[in-house]
Amino acid sequence: MIEDGNSHHFFIATQDQDLSNKVKKKPGIPLLFIIQNTMVLDKPSPKSLAFVQKLQTNQLVPEYQKQSIVELKEKEGLVKQEGEKRRKRKRAGGPNPLSCLKKKKKKTQEGQEPSAEKKKRRKRKRNRVKAEAMQSVQKNEGE
């Protein structure tokens, strides 16, 4: 199943040392084995690591192509120059609306009435001390 490579992305699970050594020689095949009732995924083999590194280097763009790309962008004016980077200026904000008093409404002359007519104030009720309490206080003072 893995003779032509691992196109279907199979995992190999085995306890056989000979088979695991053969699998480690082929790149891109994960190896599972069991240790004390626990399944363990073996670390990638050196062949697999070398294969991945080779793929990554082949996918990178060569230096001469990078330079030609930069030159073409400069011709078209697509390159952003480092001196042109600008930070956004913070605008001055107003006062905190929660800390400000509300504006008072202006009264028109027609709507103005004397405050006494407009609103009657209640008189405050006085708590009077009961007559018995007053008598006891007076007796204490006299003695």
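No experiment lies behind these values; they were computed from the predicted model shown.
- In plain terms, the two heavy atoms of Val23 and Leu31 that are nearest each other are CG1-CD1, 4.3 Å.
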Which atom pairs, one a donor and one an acceptor, fall under 3.5 Å between side chains of residues 90-104 and the rest of the protein, sequence neighbours left out?
{"unit_1": "Asn96", "atom_1": "OD1", "unit_2": "Leu98", "atom_2": "N", "d": "3.1"}
{"unit_1": "Ser99", "atom_1": "OG", "unit_2": "Asn96", "atom_2": "O", "d": "3.0"}

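- Screening residues 21-36 for side chain to side chain donor-acceptor pair (under 3.5 Å) gives Lys24-Asp42 as the qualifying pairs, with residues at least two apart or on separate chains.
- Here Ser20 pairs with nothing under the side chain to side chain donor-acceptor pair (under 3.5 Å) rule; sequence neighbours left out.
- Within the model, atoms CD1 of Ile29 and CZ of Phe11 stand 11.5 Å from one another, a figure rounded to the nearest 0.5 Å.
- The ring-ring contact (aromatic ring centres under 6.0 Å, His included) test applied to Phe10 returns His8, not counting sequence neighbours.
- When every heavy atom of Asn6 is checked against every heavy atom of Ile2, the shortest pair comes out as OD1-CG2, 4.3 Å.
- Among residues two or more places apart in sequence or in another chain, the side chain to side chain contact (heavy atoms under 4.5 Å, CB included) test is passed with Asn37 by none.
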Exercise. Checking side-chain contact (heavy atoms from CB on, under 4.5 Å) for the pair Lys73/Ile69: CA distance, chi angles, key distance, verdict?
Worked result: CA-CA 6 Å; Lys73 283 184 178 181; Ile69 290 170; 4.1 Å; yes

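- With Thr14 contributing its side chain and Leu19 its backbone, the two residues share no donor-acceptor pair below 3.5 Å.
- With sequence neighbours excluded, the residues that form a side chain to side chain contact (heavy atoms under 4.5 Å, CB included) with Leu49 are Pro44.
- With values rounded to the nearest 0.5 angstrom, Ile34 atom CD1 is found 6.0 Å from Met39 atom CE.
- At most 12 heavy atoms of other shown residues, nucleotides or ligands fall within 6.0 angstrom of atom CZ in Phe51.
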